[in-house]
Amino acid sequence: QVQPVVSGGGSVQAGGSLRLSCAASGSPYSRNWMGWFRQAPGKEREGVAVVTTSGASTYYADSVKGRFTISRDNAKNAVFLQMNSLKPEDTAMYYCAADYRGPGHLGSWVLGQDRWNYWGQGTQVTVSS
């Protein structure tokens, strides 16, 4: 299986923006639900946002709601995470995920990493104050 390719990380000052991309061409799961997760040093990996297959429905962690937007382009087998109003606490390695296994409706369970079985490599996001 081809691992999703993640890009778009970097360093930015607080209040700035970054856009992450995850290209999942060749993946059998790229047409299913997709998610973004992050892991800060010394912390557990946490779910950030999830988008359904059509892109019509999304779910966000409370910590990023109103600041981050997940979207997808099914023609390109890609999912994106637009991050605005970034804060130092957003600093983490960010991963995209696929192959969700769980209830077929959105709820807090979709942010559990144990529900996902296919991971892209991470990209570092660093937000300075």
Subject >> Exercise: identify the closest heavy-atom pair between Gly47 and Ala61 >> reply: O-CB, 3.5 Å
Original post:
For the residue pair Phe68 and Trp36, is the inter-centroid distance of their aromatic rings smaller than 6.0 Å?
Top reply: no
Original post:
Are Phe80 and Trp33 connected, step by step, through hydrophobic side chains (Ile, Leu, Val, Met, Phe, Trp, Tyr) whose heavy atoms are closer than 4.5 Å?
Top reply: no
Subject >> N-O pairing of Lys87 and Asp90 below 4.0 Å >> reply: no
Original post:
So with a 6.0 Å cut-off around NZ of Lys65, is the heavy-atom count from everything else above 12?
Top reply: yes
Subject >> Residues that Asp114 engages under salt bridge (charged side-chain N to carboxylate O under 4.0 Å, His left out), provided they are two or more places apart >> reply: none
**OP:** Only one of Tyr95, Trp109, Tyr100 passes ring pair (Phe, Tyr, Trp, His ring centres under 6.0 Å) with Trp116; say which it is.
**Re:** Tyr100
Original post:
Are the side chain of Ser129 and the backbone N or O of Pro88 linked by a donor-acceptor pair below 3.5 Å?
Top reply: no
**OP:** Compare every heavy atom of Ile70 with every heavy atom of Thr58, then report the nearest pair and how far apart it is.
**Re:** CG2-CG2, 3.5 Å
Subject >> Closest approach of Leu20 to Met83 (non-hydrogen atoms, all atoms of both residues) >> reply: CG-CE, 3.7 Å
Subject >> Closest non-hydrogen atom pair, Val64 against Arg38 >> reply: CG1-NH1, 3.9 Å
Subject >> Minimum heavy-atom distance Gln82-Ser17, with the two atoms named >> reply: NE2-CB, 4.0 Å
Original post:
If you group Ile, Leu, Val, Met, Phe, Trp and Tyr by side-chain heavy-atom gaps below 4.5 Å, do Val6 and Leu86 land in one group?
Top reply: yes
**OP:** Kindly say whether Thr53 contributes a backbone atom to a donor-acceptor pair with the side chain of Asn74 at under 3.5 angstrom?
**Re:** yes
Subject >> Test item: Tyr60 side-chain N/O and Ser63 main-chain N/O as donor-acceptor pair under 3.5 Å >> reply: no
Original post:
Hey, does the side chain of Arg72 reach the backbone of Gly55 with a donor-acceptor pair shorter than 3.5 angstrom?
Top reply: no
